[in-house]
Undergrad: 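This is the structure I have questions about; it appears just below.
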Amino acid sequence: MRFTTRLLTTAVIASAFAAPAMAEGTLDKIKSSGVIVLGHRDASIPFSYLANDPTKPIGYSHDLQLKVVEAVKKQLKMPNLQVRYNLVTSQTRIPLVQNGTVDLECGSTTNNLERQKQVAFSVGIFEIGTRLLTAKTSGIKDFPDLKGKNVVTTAGTTSERLLKAMNAEKQMGMNIISAKDHGESFLMLESGRAVAFMMDDALLYGEMAKAKNPGNWVVTGKPQSFEIYGCMMRKEDPAFKKVVDDALKATFKSGEVNKIYSKWFMAPVPPKGLNLNFPMSDEFKSLVAKPTDKSAEEM
Amino acid sequence: MNYNWDWNIFFKSTGIGSEIYLDWFVSGLGWTIAVALVAWIIALLLGSVLGVMRTLPGKALPAIATGYVELFRNVPLLVQLFMWYFVVPDYLPEPLQTWFKQDLNPATSAYVSVVVCLALFTAARVCEQVRTGIQALPKGQSAAALAVGFSIGQTYRHVLLPQAFRIIIPPLTSEFLNIFKNSSVASLIGLMELLAQTKQTAEFSANIFEAFTLATVIYFVLNMSLMALMNLVEKKVRIPGMMGGAK
Amino acid sequence: MIRFNNVHKWFKDLHVLNGIDLQVAQGEVVVVCGPSGSGKSTMIRTVNQLESINEGEIWVDGKNVADPKTDLNALRAEVGFVFQHFNLYPHLSVLDNITLSPIKVKGMDKAAADKQAVALLERVGLAHKKDAFPAQLSGGQQQRVAIARGLAMEPRVMLFDEPTSALDPEMIGEVLKVMKDLAESGMTMMVVTHEMGFAREVADRVVFIDHGKIVEQAPPEEFFKNPQHERAQQFLRQLLTPMS
Ligand SMILES: Nc1ncnc2c1ncn2[C@@H]1O[C@H](COP(=O)(O)OP(=O)(O)OP(=O)(O)O)[C@@H](O)[C@H]1O
Ligand SMILES: [Mg+2]
């Protein structure tokens, strides 16, 4: 209740005061303030998260975000441009971008049509498939095996929507548990409350790497959807969007993206030195070859 | 702010079956009420028993009740919820454990956990209110009741509790409202009550402000109705001749 | 009817009752007086065990009240008690105040209890107030209801602890009148009071207590005319001197 009231107040205040700031483009704003504000997550491993330094995020998406910062510095001829970090959550990320608090958010945000009504997306920076994590001994190979079973997914994700829609359409009689975050979803799986955990494959690999016995678990099933992650910025700001997109495209084209990918998905990452062992998918490879700012549903 | 307002969002399809977003809010409100009301009834009964125990003569019973209150008041609600949902079921005997964790519908097992959690947590708070109410009564009341031959039980039942409850209606009202607010912890173990449905709507539709605005309005109206209900109760049991009822 | 045998009681270090010996015969009216803090209330409350005792025995109607085997609830039902501060149940009407214990303790049916209550209210002159609530009555009226409440259990003994000392002077008379009628009906009564007029007129015996000890007991004429003990003389002098 208190939380919702606060959110509402934020909404009212934001709509009253933030509007004038939008009259100018993001580049002008950065230029006049000398600061670019980057939105980041606290636990989207290995995309954008806090590990050893609580003031500075790390991760795959964050490395790409820094590429954009370099490009902005060059474009504005401001080598001493300051970077300020602003932590966002799945609930605050969109409003904070809209009201001008955050200039660029790179994390694990899926580009979809609903969100495109509120914000603009960069070209895709990652592509995932929604799949299943299950015990090797569970006998579950694919989605049809889930009939009548307890299945967990994380609340508010596309997987939740897909799973619920699948359940309704195909009358599979699944009991769907919506856990509050990925860690809790995995706990539901581990404690036997659910036989499978549906989520973005990259995140499933992350959870698996954290498990007591990673060898007991397997990612399986035909992807039910592909989703493209993008960086978020304010709508109707073509100048800034061009700088962002060009910087990302250049990173893709030069092949530098492969190095960054390997660093985060094929090698041990902080804080625990886990290796996700998640090779680049064919879908993502073609996205790198042909960058786009469309959502997966539009393609 | 270039936010894209869309108040029609509640009447739009969620993309799941034929549901619209408003259906989610209705079902969320239903769970919120089902959790809060059942937990409240248990909390009121258990809290009254504990509150009476704290005022009884002797050592053992008051000590047990005091221990209960200290334990349940000082452990954060969220920790208690996770205990009831993740830890306690693991200590059930085997067939029961599998039944609770796997055979039972997950919404039902989450519901049971959250009701138990909120009931026991709130009982500790009700206990303190009931104890204060009883102790606020003049000593002569229990003496007068005992003097006509009432047992301790009858003294509480007919003389002390009817007065104590009248005194504590205002603080009990706020505990009653609190249990509705606290019921939102259920969203953390996957029970789709009002807050969970609100967050889900916000995520799925990206119409965050509309979703939280509607939730705020619903919580507000709920709060006001409960307060009106309790005012009615207070008026109904007001003792004639006493200024402002039992104050 | 009531017999104290060498009764002692301590509140922690305070020796409140210091060897009380006293007998009250059936139908007798005994007035207890003494300085403030001398232990009068404590003594009268031990009769129905609202206060426990540490040593000695108290017999009421042939039962030893300090014996753990004695059914205290049954005993208390036979001993009416009237408090200084009335202690009516504020949440119940006058009628319900009176009928509650006959119904709940004795199992009397509601109609019979109501009938009895109305009769008792007539006796104390308050039949017209049966539906009022305690907070709507004056102190004197409340105390009369309290007496009716005590009588509703048809007790064999009535105990009074300063029944008029919380009342405005103009209300004292109405309560004393009810008590006098009760005494005349043959009730065994033990009354802690400083109303010496009442003692003189109604009591069979006056008991003077000081520092937890009975230092003098005598029929009222004797006690008032010729007190033996120095403390009693002093007490009476103070009582008869108009208050400044
Ligand atoms: N529950 C108690 N705990 C401790 N001390 C008490 C308690 N009740 C009474 N006393 C003390 O015992 C003594 C006797 O008290 P009691 O009430 O019997 O006196 P009293 O003769 O009735 O006096 P008064 O005329 O003022 O009513 C007093 O000193 C009083 O302070
Ligand atoms: Mg006294």
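To find a chain, count down the sequence lines: A is the first, B the second, and so on, and within it residues start at 1. Every value quoted in this text rests on a predicted model; they were computed, and no experiment measured them. Computation of the quantities below employed the complete heavy-atom set of this structure, encompassing side-chain atoms and omitting hydrogens, waters and symmetry-equivalent molecules.
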Undergrad: For a 4.5 angstrom cut-off between non-hydrogen side-chain atoms, does A/Leu187 reach A/Glu190?
TA: yes
Undergrad: Given heavy-atom pairs under 4.5 angstrom as the criterion, report whether the side chain, backbone, both or neither of A/Ser185 touches chain B.
TA: neither
Undergrad: Please determine if A/Lys141 and A/Asp145 form a salt bridge, counting it only when a charged side-chain N lies under 4.0 Å from a carboxylate O.
TA: no
Undergrad: Among B/Ala110, B/Ala202, B/Gly190, B/Ala196, single out the residue with the greatest number of heavy-atom pairs under 4.5 Å to chain A.
TA: B/Gly190
Undergrad: So for B/Phe180, is it side chain, backbone, both, or neither that comes closer than 4.5 Å to the heavy atoms of chain A?
TA: neither
Undergrad: Side chain, backbone, both or neither: which part of A/Gln116 has a heavy atom under 4.5 Å from chain B?
TA: neither
Undergrad: Under a 4.5 Å cutoff for heavy-atom pairs, which residue among A/Met188, A/Lys235, A/Glu236 has the most contacts with chain B?
TA: A/Met188
Undergrad: Using 4.0 Å as the upper bound for N to carboxylate O, is an ion pair formed by A/Lys210 and A/Glu207?
TA: yes
Undergrad: Quick check on the interface: out of A/Glu169, A/Glu184, A/Met166, A/Lys149, who has the most heavy-atom pairs with chain B under 4.5 Å?
TA: A/Glu184
Undergrad: So which of A/Val195, A/Asn175, A/Ile177, A/Thr157 has the largest heavy-atom pair count under 4.5 angstrom toward chain B?
TA: A/Asn175
Undergrad: Shorter than 4.5 Å, heavy atoms on both sides: which option in B/Lys101, B/Met192, B/Glu19 has the most such pairs with chain A?
TA: B/Lys101
Undergrad: Check this for me: does any side-chain nitrogen of one of A/Glu114 and A/Arg161 sit under 4.0 Å from a carboxylate oxygen of the other?
TA: yes
Undergrad: Is it true that A/Trp217 and A/Phe197 have ring centroids separated by less than 6.0 Å?
TA: no
Undergrad: I'd like to verify something: which residue of A/Ala179, A/Ala165, A/Ala168 has the highest number of heavy-atom pairs under 4.5 Å with chain B?
TA: A/Ala165
Undergrad: Which of the residues B/Asn105, B/Leu104, B/Asp6, B/Asp90 is involved in the greatest number of heavy-atom pairs with chain A at under 4.5 angstrom?
TA: B/Asn105
Undergrad: If I measure from the heavy atoms of chain A, does B/Thr14 come under 4.5 Å with its side chain, its backbone, both, or neither?
TA: backbone
Undergrad: Does a side-chain N-to-carboxylate-O contact under 4.0 Å join B/Glu203 and A/Arg93?
TA: yes
Undergrad: For A/Thr92 and A/Thr89, which I'm curious about, is there any donor-acceptor pair between the side chains at under 3.5 Å?
TA: yes
Undergrad: Hey, do the aromatic rings of B/Trp5 and B/Tyr3 have their centres closer than 6.0 Å?
TA: yes
Undergrad: Let's test your reading of the structure: which of A/Lys164, A/Glu160, A/Gln118, A/Lys117 forms the most heavy-atom pairs below 4.5 Å with chain B?
TA: A/Gln118
Undergrad: Report yes or no: do B/Tyr21 and B/Asn207 form a side-chain donor-acceptor pair below 3.5 Å?
TA: no
Undergrad: Measure distances from B/Leu194 to the heavy atoms of chain A and classify the residue's part below 4.5 Å as side chain, backbone, both or neither.
TA: neither
